[in-house]
J.: 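I'd like to ask you about the structure that follows.
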Amino acid sequence: MVLQRDVSNKFKWMGLLAALMVVAIHVYPQPDGWGTPAWWVKSLLSDGICRMAVPFFFLASGYFLAGHVEETNWWGREVHQRIKSLVLPLFIWNGLWFMCCYGTILAANLLAGRELTTNMNLSINIWTKLLSIDPCDQPLLGVLWFLRALFLVIVLSPIILLFLQNRRRAIVF
């Protein structure tokens with residue numbers, strides 16, 4: 001029990017540190033040139049050590065998911081839980097971003113007296129990005145790629161688990 005609490009505390013602190021690293025990845029100084037202090041900060045932090053945050057979150061998610069694979073109906077329960085915690089926020093934020101961007105274009109067209117759909121991309125690509133259904137393209141709000149990727153890992157986890165179990169048997173023999 002103490003070991004589990006110790007591991008849980010370590011994950012909490014590492015999660016906080018990794019969240020700060022994600023912020024550092026996305027908010028960094030624009031260096032004036034090579035070798036300047038801003039260049040060193042960007043190179044060592046934003047483009048360097050802070051890049052370990054995203055893999056950490058994938059590994060931590062996989063670690064906690066692995067703790068449930070022995071349970072009955074684990075996959076359906078985990079997918080249902082991730083629909084609420086990953087897919088729903090993905091759709092909500094993508095939808096809000098769409099309404100913000102396209103609402104601005106619509107208002108500008110209205111004020112300028114142009115046709116309302118002028119400068120609006122209404123191709124199939126925008127809808128696949130809005131729904132985040134193209135695994136080879138980012139969601140409409142690109143920073144949400146992590147939510148979609150993590151959900152796909154959860155959906156594919158039985159196949160990943162089967163592969164890992166077969167690898168373990170191959171190593172034993």
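Numbers here are sequence positions counted from 1.
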J.: Determine whether the side chains of Thr128 and Asp137 contain a donor N or O and an acceptor N or O closer than 3.5 Å.
T.: no
J.: As an exercise, state the distance from CG of Leu90 to CG of Leu150, rounded to the nearest 0.5 Å.
T.: 11.5 Å
J.: Rounded to the nearest 0.5 Å, what separation is found between the OG1 atom of Thr72 and the CZ atom of Arg77?
T.: 8.0 Å
J.: What are the two closest heavy atoms between Ile25 and Cys50, and how far apart are they?
T.: CD1-O, 3.2 Å
J.: At their closest point, which heavy atom of Phe151 faces which heavy atom of Leu86, and how far apart are they?
T.: N-CD1, 3.9 Å
J.: Pro31 and Lys42: which non-hydrogen atoms are nearest, and at how many Å?
T.: CD-CD, 3.7 Å
J.: Atom CG in Asp134, atom CZ in Arg148: separation rounded to 0.5 Å?
T.: 7.0 Å
J.: Of all the heavy-atom pairs spanning Leu116 and Asn109, show the shortest one and how long it is.
T.: O-ND2, 2.8 Å
J.: Looking only at side chains, do Ser123 and Asn125 share a donor and an acceptor under 3.5 Å apart?
T.: no
J.: Considering all heavy atoms of both residues, which atom of Ser157 and which atom of Trp75 are nearest to each other, and what is their separation?
T.: OG-CD1, 3.5 Å
J.: Report the relative orientation of the aromatic rings in Phe146 and Phe57; use parallel for angles under 30°, tilted for 30 to 60°, perpendicular for over 60°.
T.: perpendicular
J.: For His26 versus Val22, what's the shortest heavy-atom pair and its separation?
T.: ND1-O, 2.9 Å
J.: Just how far is it from atom OG of Ser85 to atom NE2 of His80, taken to the nearest 0.5 Å?
T.: 10.5 Å
J.: To the nearest 0.5 angstrom, please state how far the CZ atom of Arg114 sits from the CG atom of Leu106.
T.: 11.0 Å
J.: Is there a path of hydrophobic side-chain contacts, each under 4.5 Å between heavy atoms of I, L, V, M, F, W or Y residues, that connects Leu65 with Val155?
T.: yes
J.: By ring pair (Phe, Tyr, Trp, His ring centres under 6.0 Å), which residues pair with Phe98, not counting sequence neighbours?
T.: Tyr102, Trp127
